[in-house]
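A short worksheet on the structure shown next.
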Amino acid sequence: MIRQLLDIADLAPDELTTILRLAVTPDLPKPLAGQGVALIFEKPSNRTRHSMEMAVVQLGGHPVYTRGEEVGIDVRESAEDVARVMAGYHAVIAARVFEHSRVQRMAAVSSVPVVNMLSDAAHPLQALADVLTMQQLHGPLAGARVAWVGDYNNVARSLGEACVMLGATIVFGCPSGYAPPTSELARLASLGEGSAHHTSDPREAVAEAIAVHTDCWTSMGQETEHQQRLAAFSGFTVDAALMAAAAPGAGFYHCLPAYRGIEVTAEVIDGAASRVIAQAHNRLHSARGALAFLMGVR
Ligand code: CP
Ligand code: NVA
């Protein structure tokens, strides 16, 4: 069976643990030697492009970056034709897209693994780095409490999957209209030993949390909703007072890019509790672990 990484939930909990182990294993083999990896971006990127390109290089392969408009998925040719053709050139196809269904359609016909490099629904590569960073600082996440404050977006959804699969309790502090529905919390809880909860009170969300995560309030593709979202998320800025309501020594996490003064204050993101640069650097290590796993390294 061809493995895919469209969602963290495409993995079994022990496979997630394997990727996290491979991420920190020195001197991995070079399973991509002499092979290519297609990296298609329909949206801008700093971390994802650079970490994936360098992860491919470190595994002995050759990354081929292409802008979405150049490929023209479903404009110049169908997502299915793009995947079938690129599978003949590359060992892995990775894509950053608007609609999640686009990577699903590519994966359905691809004869090589397809990796989701961010869609409207999920950002699995980010979640790998997020849990890796928390583990490095706090030890195993089983039994730990993790908070998400802000929008229940693609990054939140993937982080929720990873936390539950690793046995953590994740509490989403999101305003009405931007929160995970009860059915979604139940779906998350079904993925592993951990649990997932929602509160509309950010202070309640961060209570006893070892990590406070947030993200921008307006994701790529939602720009027309920006003013409405600024109003909806009023009171959800992660500031020093909110960090003080978390567990002593709690870290602040953000996938970046961040908007200082909006979802987080400069004092927090540039302060001693901030883990965002370690988190960004772990994108390389976790991407390398994920690609090695997809190439069969255990
Ligand atoms: N966090 C993240 O995915 O960043 P980029 O959009 O820069 O890739
Ligand atoms: N939620 C953000 C993440 C950016 C890395 C977005 O989709 O734009």
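When reading the values below, keep in mind they use all heavy atoms of this one structure, side chains included, and skip hydrogens, waters and symmetry mates. Computed from a prediction, not measured in an experiment: that's the story for all the values here. Both counts, for ligands and for their atoms, begin at 1 and track the order of listing.
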Hey, which atoms in ligand 2 end up nearer than 4.0 Å to a heavy atom of Leu256?
-> 5 (C)

Just jot down the ligand 2 atoms closer than 4.0 angstrom to any heavy atom of Asp215, in number order.
-> 1 (N), 2 (C), 3 (C)

Can you confirm whether the side chains of [X] and [Y] place a donor and an acceptor under 3.5 Å from each other?
X: Gln222; Y: Asn153; result: no
X: Arg288; Y: His285; result: yes
X: Thr199; Y: His197; result: no

Flag the pair Gln279 / Leu256 as yes when at least one side-chain heavy-atom distance between them is below 4.5 Å, and no otherwise.
-> no

Side-chain contact, heavy-atom cut-off 4.5 Å: Ile8 with Val131?
-> no

Distance-only N or O hit between ligand 1 and Pro257, under 3.5 Å = no

Ignoring angles and geometry beyond distance, decide whether Leu256 reaches within less than 3.5 Å of ligand 1 through its nitrogen or oxygen atoms.
-> yes

Proximity of Asp151 to ligand 2 by residue part, where a heavy atom lies under 4.0 Å = neither

Tyr65 ring centre to Arg49 NZ or CZ under 6.0 Å, with the angle to the axis within 45°?
-> yes

Regarding Arg298 and the six-membered ring of Phe293, is the cationic atom NZ or CZ under 6.0 Å from the ring centre and inside 45° of its axis?
-> yes

Nearest neighbour in protein (non-hydrogen) for [atom]:
atom: atom 7 (O) of ligand 1; answer: Asn46 N, 2.6 Å
atom: atom 7 (O) of ligand 2; answer: Asn154 ND2, 2.9 Å
atom: atom 4 (O) of ligand 1; answer: Arg47 NE, 2.8 Å
atom: atom 2 (C) of ligand 1; answer: Arg283 NH1, 3.3 Å
atom: atom 3 (O) of ligand 1; answer: His123 NE2, 2.8 Å

Options Ser45, Ser219, Gly221, Ala258, ranked by nearest heavy atom to atom 6 (C) of ligand 2, top entry | Ser219

With atom 6 (O) of ligand 1 as the reference point, say which of Arg96, His50, His254 has the nearest heavy atom.
-> Arg96

Pairing residues for Glu208 by the side chain to side chain donor-acceptor pair (under 3.5 Å) criterion, not counting sequence neighbours | none

Identified side chain to side chain contact (heavy atoms under 4.5 Å, CB included) counterpart of His254 within the set Val268, Val238, Asp215 | Asp215

Would you say ligand 2 has an N or O under 3.5 Å from any N or O of His123?
-> no

Does any N or O atom in Met220 lie less than 3.5 angstrom from one in ligand 2, N or O only?
-> yes

What atoms in ligand 1 come closer than 4.0 Å to a heavy atom of Cys255?
-> 1 (N)

Parallel, tilted or perpendicular: ring planes of His138 versus Tyr253, cut at 30 and 60 degrees | tilted

